[in-house]
Asker: 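The structure is given below, and queries will be raised subsequently.
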Number of protein chains: 2
Amino acid sequence: MSPYDPSAFPPFAVTVDLVVLTVRRHALCALVVRRGEQPFQGRWALPGGFVRGDEDLGAAAARELAEETGLCAHDPSAPGVDNGAHLEQLATYGDPQRDPRMRVVSVAHLVLAPDLPAPRAGGDANSARWAPVDELLEGSDRSATVLAFDHARILADGVERARSKIEYSSLATAFCPPEFTVGELRRVYEAVWGVALDPRNFHRKVTGTPGFLVPAGGTTTRQGGRPAQLFRAGGATLLNPPMLRPEV
Amino acid sequence: MSPYDPSAFPPFAVTVDLVVLTVRRHALCALVVRRGEQPFQGRWALPGGFVRGDEDLGAAAARELAEETGLCAHDPSAPGVDNGAHLEQLATYGDPQRDPRMRVVSVAHLVLAPDLPAPRAGGDANSARWAPVDELLEGSDRSATVLAFDHARILADGVERARSKIEYSSLATAFCPPEFTVGELRRVYEAVWGVALDPRNFHRKVTGTPGFLVPAGGTTTRQGGRPAQLFRAGGATLLNPPMLRPEV
DNA sequence: CCAAAAGTGTTGCTCGTACACCCATGT
DNA sequence: ACATGGGTGTACGAGCAACACTTTTGG
């Protein structure tokens with residue numbers, strides 16, 4: 001079998017789908033767009049689109065993200081400064097039946113973003129919104145799901161990746177604005193994991209991990225109570241020892 | 001843009017590449033095949049091939065694995081019993097320039113297998129062999145690498161995945177035969193991590209983790225010394241607390 | 001007897017947890 | 001004054017590292 005012969009392999013459409021997560025009002029939320037056409041017309045779906053002929057996968061994901069949200073994401077596989085959200089490849093979904101129209105292989109990407117103003121609709125989507133992942137994944141075993149295609153599965157995988165990755169990396173700061181307090185960071189962990197954490201021990205833990213947080217200089221009272229010190233994300237990306245997620 | 005219109009998106013070739021790892025003679029080894037044609041003719045490459053038109057990605061990886069090694073791998077995303085190697089999706093590589101002939105998106109998969117008899121060559125490969133990953137990755141930063149395409153990068157990602165995943169899962173047993181001793185399992189960890197572990201503490205740790213190992217009943221002296229108890233892999237897949245990898 | 005590998009005991013230390021307690025602001 | 005959230009002190013316990021030590025085979 002010669003790889004030069006175009007008849008020797010079947011052609012595929014390749015897309016990127018985006019799991020864009022943020023924390024709003026103490027809940028983990030995902031960006032979804034309403035489908036304007038068949039199939040699944042009127043249902044919610046993850047944002048995404050076709051990869052262009054001369055475009056890398058991460059670049060396609062970043063482009064789609066910018067089109068949908070205006071976010072300028074940083075792909076850590078490319079050198080550069082993190083000037084916005086975190087973007088990483090999640091997994092690839094290629095079930096022959098996942099799209100009834102044709103054979104589509106979708107390379108899903110995960111984006112972690114700070115809380116944003118209302119998303120703007122783009123492309124062929126009627127509208128876009130942030131939805132709590134709990135609602136989107138409700139009864140997604142067996143029963144009919146609110147999401148189109150296999151997007152409930154993709155979203156679940158993305159949420160699971162985010163939940164485990166903030167354990168051993170500093171990625172939780174990607175959910176925060178450039179300057180944030182220890183309490184705000186703790187509420188991110190609580191929202192993503194869906195648990196309550198001890199504020200005192202959390203404070204000791206994150207401030208005691210070298211390179212996790214660096215003082216930004218100021219204080220704020222935007223949460224009420226005693227003024228809290230402001231921090232930025234430090235240079236460290238891996239947390240050793242990790243944050244421990246409480247049992248069930 | 002209508003997704004129905006075939007001219008609206010560029011066609012891609014989709015392949016699977018396999019990072020097949022095993023432990024031989026205290027070294028972590030990967031399966032490589034010699035390329036029989038251009039480009040990179042005569043160089044070593046990871047086994048792989050085109051995904052068929054009606055085939056899921058995991059099924060394509062399992063088929064290629066069987067063609068190359070005769071292994072019957074278990075894809076944990078499908079229900080069933082682990083009757084051989086462990087197989088999981090690794091990552092997807094789609095740089096437009098990664099294959100000089102055409103646009104190829106490759107979905108890499110990771111396979112962990114017990115030590116096997118000499119692999120058999122298959123497909124368009126002249127020959128296949130197990131090579132220590134240290135040799136394959138030697139000087140793979142900047143300098144010319146022994147592996148074709150971007151396979152050094154894919155292999156490095158697979159090795160890194162395996163190294164981190166045996167920390168918090170029972171996957172190290174996938175490198176062992178069905179029945180194995182605690183010492184053999186320890187030598188797997190030592191080979192994959194490239195460190196020496198305390199045999200006493202390791203023994204306590206793995207036998208004390210519920211569900212990690214179940215006694216198989218017999219003993220063996222195939223390693224010399226006092227007879228060692230034989231174990232099988234238990235039902236547990238996640239280790240809590242994890243195995244701790246010693247600092248560099 | 002000796003080497004080699006298996007398996008157990010014990011001690012000290014690190015770190016997480018579960019509190020009690022004080023600090024600095026807004027109302 | 002009091003509520004609210006920020007930040008520190010401390011005691012208990014789980015679990016890991018670093019040993020010494022015994023057990024059971026082969027040569």
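Within every chain, numbering begins at 1; the chains are lettered A, B, ... in the order of the sequence lines, protein sequences first and strands thereafter.
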Asker: How long is the line joining CG of B:L197 and P of C:dG7, in whole Å?
Answerer: 16 Å
Asker: Among C:dG7, D:dG5, C:dG16, which is the nearest nucleotide to the side chain of A:Q223?
Answerer: D:dG5
Asker: Assign each of B:E184 and A:P242 to its nearest nucleotide of DNA chain C by heavy atoms, then name whichever residue's nucleotide is nearer the 5' end.
Answerer: B:E184
Asker: According to a strict under-4.0 Å criterion, is B:K205 in side-chain N/O contact with OP1 or OP2 of D:dG15?
Answerer: no
Asker: Roughly, in whole Å, what's the span from CG in A:D198 to P in C:dC21?
Answerer: 15 Å
Asker: When the distance from CG of B:N201 to P of D:dC21 is rounded to whole Å, what number comes out?
Answerer: 17 Å
Asker: Is the phosphate of D:dG6 approached by A:H203 (side-chain N or O, under 4.0 Å from OP1 or OP2)?
Answerer: no
Asker: Could you give the CZ-to-P distance, from A:F180 to D:dG6, as a whole number of Å?
Answerer: 14 Å
Asker: Nearest of C:dG7, D:dT25, D:dC16 to any side-chain atom of B:L244?
Answerer: D:dC16
Asker: Roughly, in whole Å, what's the span from CE in A:M243 to C1' in C:dC15?
Answerer: 13 Å
Asker: By nearest nucleotide on DNA chain D, pick out whichever of A:G225 and A:R200 is the more 5' one.
Answerer: A:G225
Asker: Could you tell me whether B:R25 sits above the aromatic face of B:W130, with NZ or CZ closer than 6.0 angstrom to the six-membered ring centre and within 45 degrees of the axis?
Answerer: no
Asker: Determine whether a donor-acceptor pair (one donor, one acceptor, N or O, separation below 3.5 Å) exists between the side chain of B:R226 and the base of C:dA6.
Answerer: yes
Asker: I would like to know whether A:Y168 and A:N240 meet side chain to side chain donor-acceptor pair (under 3.5 Å); could you show each step before the answer?
Answerer: CA-CA 7 Å; A:Y168 57 88; A:N240 229 321; over 6 Å; no
Asker: Mapping B:R204 and B:R186 to their closest nucleotides on DNA chain C, which lands nearer the 5' end?
Answerer: B:R186
